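Atoms within a ligand are numbered from 1 in the order they appear, just like the ligands themselves. Heavy atoms only: backbone and side chains are in, while hydrogens, waters and symmetry mates are out. What you are looking at is a predicted structure, and each value in this text was computed from that prediction instead of being measured.
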Amino acid sequence: MDKIKFGIFGLGRGSGFYDGVAANNGEVVAVCDFDEEKLKKAKAEHEGVTTYTDFDEFINHEGLEAVFLCNYFHEHTPYAIKALEKNIHVLSECTSNISMGEGVQLVRACEKSKAYYMIAENYPFMKFNQEMRKVYRSGVLGKALFCEGEYNHPIISQKEIAHYCPTSKHWRYHIPRIYYITHSLGPLMYITGAFPKRVTAMPVFGPLNAENGGGDLYWRLPDRSAVVTILNDDDSVFRVTGWSHFGGHANTYRVCGELGQIENLRAEDGKVLLSFNAEHTPEGMERVSSYEADFEPDAKEAAEKAGHGGGDFFIVREFFNAIRENRKPIFDEYFATTMASVAILGHRSALEYGKPYDIPDFRKEEDRLLYENDFLTPCYHSDGSAPTIVNTERAEYVPTEETMKAYDEAVAAYKASVTEE
Ligand SMILES: NC(=O)c1ccc[n+]([C@@H]2O[C@H](COP(=O)([O-])OP(=O)(O)OC[C@H]3O[C@@H](n4cnc5c(N)ncnc54)[C@H](O)[C@@H]3O)[C@@H](O)[C@H]2O)c1
C-alpha cells in the first residue's frame with residue numbers, strides 16, 4: 001500500500017497531525033503557513049518536509065494527493081475549491097463554509113471534482129460517541145426521539161486568549177458561538193444518522209468583563225452559548241449548543257430512543273450510562289448500567305496517543321480509507337454543509353428571537369438556488385473585507401472600532417508584561 005502524500009495548510013492546529021498521518025500510512029510532504037517561524041519549526045522537526053508560504057505553490061507540490069485545511073475557521077471554502085479543481089482530496093477543519101453561498105459553491109465543486117471532500121469533525125470519534133453509535137445501531141434503544149449535544153469549552157486564561165485570539169480582527173473575536181456547532185451536532189448526526197431539516201435558536205446571554213472571570217482580555221461578544229433546537233428528517237429532535245462558555249468544561253451527548261437511552265457521563269472520561277424501562281430491558285442486559293467505553297483493539301494504541309480523545313486519529317483514518325477504497329468519506333460535503341447551514345441559519349434565528357428556518361438540502365439544485373448569492377459573514381476576511389451580518393443581537397455589544405482598539409491594546413500590554421517577566 002503506497003503512502004498517501006499529504007499536505008497541511010495552517011500550522012496552528014495543523015501542526016499536531018504528523019503522527020496521526022504516519023500511523024495511517026501517510027506522509028506529510030508539504031506544509032504551508034505565512035508565519036515563517038512556524039515553517040522554520042516544521043522544517044527543524046520534520047526532515048524532508050517542504051515548506052510554502054503561498055497556497056497556490058503548495059498545492060502544486062509534486063505528487064501531492066491530499067490536503068488538510070487548518071487555516072482560519074472562516075476561510076476554508078476558497079482553498080477547498082482550489083484543491084478540488086486540481087483533483088486533490090480535501091480534509092477540512094470546521095467550518096466547511098462561513099456563508100450559505102460558499103456552501104453552494106463547495107458542493108458544486110465537489111460534484112465536479114474527481115477528488116473527495118471530508119469535514120474533519122473529530123468529536124464523533126471520541127470513544128463514548130463511538131460506543132453510543134454502536135449501541136444505537138444495534139437497535140436496543142429503538143428509534144431516536146430526542147438527543148442532546150453540549151460542547152462547553154471556556155477559554156479563560158489570559159495566555160490562551162492572547163494566543164488563540166491574537167487580534168481584534170481574528171475570527172475567534174467575531175464568530176457568534178453558534179457558528180462553532182460541529183462538535184455538538186456532528187456526534188448526534190453520526191450516532192443516529194438523522195439530518196437536520198429545521199432550526200430555531202436562542203443565545204445564552206452573559207457578557208464577560210474584567211470582574212466576572214474575563215480578566216483584562218475577554219471576548220467582546222456577550223453570548224456564552226446558543227441553545228439550538230433542530231427538527232430532523234426522521235422526526236427526531238436535537239437540542240445542541242454552540243461553542244459554550246459556562247463554568248466546568250465538558251462535552252456531553254445523550255440519545256433517547258423509544259425503548260432506552262444512552263449518554264456519556266460528565267467528569268467521567270469515557271464512561272457511558274445505558275438505561276431502559278423495566279418492560280423494555282433486553283434479555284441478558286441490566287435495566288441500568290454504566291461502563292467504560294473503549295476503542296477497538298486494532299486502533300487503541302494510536303488513538304490513545306492522538307488529540308481530542310482519539311478523534312484526531314480516526315478522522316485521518318477515515319479520510320485515508322475513503323481515498324484508498326475510492327468512496328465518499330462518512331462526513332462528506334452534504335454532512336458538512338448541513339452542519340454549517342444549521343449554524344448560519346441558527347444565528348439568524350437567534351437574531352430574530354427564535355424564528356424557525358428550514359435547512360436546505362444542498363443535494364437539490366432548487367435549494368441551492370435559494371442561497372447561491374448569500375454571502376453574509378460575521379467575520380473580517382484576509383482580503384480586508386468587513387463583517388456583513390451582526391454577530392450579536394445586543395446592539396450595545398457589537399464590536400466597534402473603539403472596542404477593537406481596546407482589545408488590541410490589552411493583548412499588546414499582556415504580551416509586553418509576559419516578555420518583561
Ligand atoms: N477539531 C478540533 O478539535 C479543532 C481544534 C482546534 C482548532 N480547530 C479548527 O482548526 C482551524 C485552525 O485552528 P487554529 O486554532 O490553528 O487557528 P488559528 O487562526 O490560530 O491559526 C491558523 C493558522 O493558519 C495560518 N494561515 C491562515 N491563513 C493562511 C493563508 N492564507 N496562507 C498561509 N497560512 C495561513 C495562520 O498563519 C495560522 O498559523 C480552525 O478552523 C479551527 O476551528 C479544530
Side-chain angles (χ1 to χ4, degrees), residues 7-17 20 30-42 50-59 61 67-83 90-98 102 118-126 129 151-153 155 159-187 190 242-243 249 251 303 306-316 318-319 331 336 339-340 343 377-385 411:
I8 300 176
F9 179 49
L11 293 178
R13 158 97 174 130
S15 62
F17 276 82
V31 295
C32 177
D33 200 300
F34 44 42
D35 183 335
E36 300 275 4
E37 285 304 310
K38 289 180 181 164
L39 294 181
K40 244 191 250 166
K41 189 163 181 284
T50 308
T51 58
Y52 296 90
T53 50
D54 180 78
F55 184 82
D56 294 329
E57 289 174 22
F58 162 68
I59 50 166
H61 182 90
V67 289
F68 189 15
L69 304 181
C70 285
N71 58 312
Y72 299 135
F73 174 87
H74 60 304
E75 294 185 342
H76 295 137
T77 313
Y79 296 102
I81 292 173
K82 279 187 181 195
V90 174
L91 178 65
S92 171
E93 262 306 344
C94 63
T95 184
S96 53
N97 50 292
I98 196 72
E102 280 191 348
M118 174 169 151
I119 188 82
E121 180 35 51
N122 46 355
Y123 281 53
F125 293 123
M126 290 174 169
N129 282 330
Y151 169 57
N152 183 24
H153 183 24
I155 298 182
K159 185 176 172 190
E160 280 185 318
I161 294 176
H163 174 75
Y164 285 116
C165 186
T167 78
S168 64
K169 288 199 172 159
H170 190 265
W171 57 271
R172 281 196 174 92
Y173 192 82
H174 292 275
I175 55 161
R177 289 187 177 271
I178 196 171
Y179 271 66
Y180 217 119
I181 205 167
T182 65
H183 295 342
S184 57
L185 174 57
Y190 171 71
W243 165 27
H249 175 114
N251 308 302
H308 294 93
D312 291 353
F313 165 77
F314 288 101
I315 47 170
V316 178
E318 166 59 12
F319 181 58
F331 303 144
M339 290 195 293
T377 170
C379 295
Y380 283 87
H381 287 251
S382 298
D383 64 4
S385 57
V411 172

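Aromatic ring orientation, F125 versus F331: tilted (interplanar angle from 30° to 60°). In this pair, Y123 and H308 present their aromatic rings tilted. The plane angle is within the 30 to 60° band.
Near ligand 1, residues F9, G10, L11, G12, R13, D33, F34, K38, C70, N71, Y72, F73, H76, Y79, E93, C94, N122, Y123, H170, W171, R172, Y180, H183, H308 each place a heavy atom inside the 4.0 Å sphere around the ligand atoms.
Taking E318 as the reference, R327 meet the salt bridge (charged side-chain N to carboxylate O under 4.0 Å, His left out) condition, with sequence neighbours excluded.
To the nearest 0.5 Å, atoms CZ (F17) and CD1 (I8) are separated by 8.0 Å.
Two rings, from H76 and Y79, have their centers 6.0 Å or more apart.
With respect to D312 and R13, a salt bridge is recorded, a charged nitrogen being found less than 4.0 Å from a carboxylate O.
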